[in-house]
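Structure, as structure tokens:
Model, not experiment: these values are computed from the prediction. Below, read A as the first sequence line, B as the second, and so on, with proteins coming before strands; counting in each chain starts at 1.
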Protein chains: 2
Amino acid sequence: MAIKNSEEIKAILKEYGLRITKAREQVLSEYINSKKPLSIFDFKKKKVFSTWDESSIYRNITKLEEAGLIQSVPSSKDMKLYELAPKKDHHHHHHIICTQCEAVQCLHDCSIDGQLSKMAKKAGFTMQGHTLELTGLCAKCSK
Amino acid sequence: MAIKNSEEIKAILKEYGLRITKAREQVLSEYINSKKPLSIFDFKKKKVFSTWDESSIYRNITKLEEAGLIQSVPSSKDMKLYELAPKKDHHHHHHIICTQCEAVQCLHDCSIDGQLSKMAKKAGFTMQGHTLELTGLCAKCSK
DNA sequence: TTGCCTGCAAACCTTTTGCAAAGAT
DNA sequence: ATCTTTGCAAAAGGTTTGCAGGCAA
């Protein structure tokens, strides 16, 4: 998703019925402009967030999730991960996690639905959905 | 996987160079005989485990993971999930869960590896593995 | 003004660790 | 006899909550 400026962020918050506060704008901005899921740790690393109390970041993440702007992502680590929720123009996608450095990346072409439906049918089921996570080595770690 | 008795469990522990203790046998047995990933909560629910201290269960899970008998599974919840590692579960497969009656069935033809590898490669990753869960309606419930 | 948001501190929950006693090899 | 595992209690790390004051609508 393209980088959005402050006015656009505010408009989105308004559209979702959320109050506009500086902390909330910054949290949403991170998710909108990030290519990968973010944990509280990712926020704490950035000095922009050193002004905000951790609990406020947590509460804003919760608010954004309740509003449907972000969603939680499965992880093997001890921290919760969230990513921007898919909008209508977005594609259903999955993640691949590096088994060495734990980097997470989104995979934007999920072209296996047809095959999965067939597998389900063989077992006598009508498929409704699926969850899929890949593991592997990222470019850096496979060197 | 077929249910294994106490002697078989002991043999596996020995094979993996682990000492045989009652607690460890019971933890491994749960993973071997479970059709789904287990968290510490699943252990605490069972009264067999009420005899063991939580820290011992945690330590045994750690030991089994280090030995390569179980592996961690990505999750959105607050608790870590583990499942039997694929080596012991010689038949790589997935599950489909009925969204109505919660019946679980194994899917024994996983023919998507090739496609997943391609998806991973596009993202710059070398795929190592995947976890997949399908949801749908079973034969009975879709009537 | 009204009610939501924030910082602070404390509570909470899962997981880890230190230590001495009990158990496995 | 030696080295590992256990129970207990305490600590650690991430997340949530209560409260009083501050800010958005």
Run E65(A) and Q71(A) through side chain to side chain donor-acceptor pair (under 3.5 Å) and show every step you take.
CA-CA 6 Å; E65(A) 191 191 18; Q71(A) 66 190 9; over 6 Å; no

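- The CG-C1' distance, from L18(A) to dG3(C), rounds to 15 Å in whole Å.
- Aromatic ring orientation, H94(B) versus H130(B): tilted (interplanar angle from 30° to 60°).
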Scan nucleotides 7-10 of chain D against the protein and return all N/O pairs shorter than 3.5 Å with their distances rounded to 0.1 Å.
unit_1	atom_1	unit_2	atom_2	d
dG7(D)	OP1	T51(B)	O	3.3
dG7(D)	OP2	D53(B)	N	3.0
dG7(D)	OP2	S56(B)	OG	2.7
dG7(D)	N7	R59(B)	NH2	3.4
dG7(D)	O6	R59(B)	NH2	2.7
dC8(D)	N4	S55(B)	OG	3.3
dC8(D)	N4	R59(B)	NH2	3.4

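- Salt bridge absent: K36(B) and E133(B) never bring a charged side-chain N and a carboxylate O closer than 4.0 Å.
- Between E25(A) atom CD and dA24(D) atom P there is a gap of 10 Å when expressed in whole angstrom units.
- With rounding to the nearest 0.5 Å, the separation of CE in M79(A) from CG in D78(B) is 14.0 Å.
- Listed pair T21(B) / dT4(D) fails the phosphate criterion, with no side-chain N or O lying under 4.0 Å from OP1 or OP2.
- Rounded to a whole Å, the CD1 atom of I20(A) is 23 Å from the P atom of dG22(D).
- Among dC3(D), dT15(D), dT14(C), the nucleotide with an atom closest to any side-chain atom of Y58(B) is dT14(C).
- Across the protein-nucleic acid pair, Y82(A) atom OH and dT15(D) atom P stand 8 Å apart, rounded to whole Å.
- Whole-Å rounding puts the I61(B) CD1 to dT5(D) P distance at 15 Å.
- Classification of the Y31(A)-Y82(A) ring pair by plane angle, with boundaries at 30° and 60°, yields perpendicular.
- For the pair N60(B) CG and dT5(D) P, the interatomic distance rounds to 8 Å; values are reported in whole Å.
- Per the geometry, CZ belonging to R24(A) stands 8 Å off C1' belonging to dC4(C), to the nearest Å.
- One finds no side-chain N or O of K63(A) lying less than 4.0 angstrom from the OP1 or OP2 phosphate oxygen of dT6(C).
- Put simply, K80(B) has a side-chain N or O that comes within less than 4.0 Å of OP1 or OP2 on dT16(C).
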Between E25(A) and S6(A), is the side chain to side chain donor-acceptor pair (under 3.5 Å) condition met? List the steps.
CA-CA 7 Å; E25(A) 274 179 63; S6(A) 176; 3.1 Å; yes

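- Remark: the R19(A) side chain and the dC23(D) base include no donor-acceptor N/O pair separated by less than 3.5 Å.
- Atom CZ of F125(A) and atom NZ of K140(B) lie 10.0 Å apart (nearest 0.5 Å).
- Ranked by how close their nearest DNA chain C nucleotide is to the 5' end, K22(B) and L81(B) are led by L81(B).
- F49(A) has its CZ atom 12 Å from the P atom of dG7(C), to the nearest Å.
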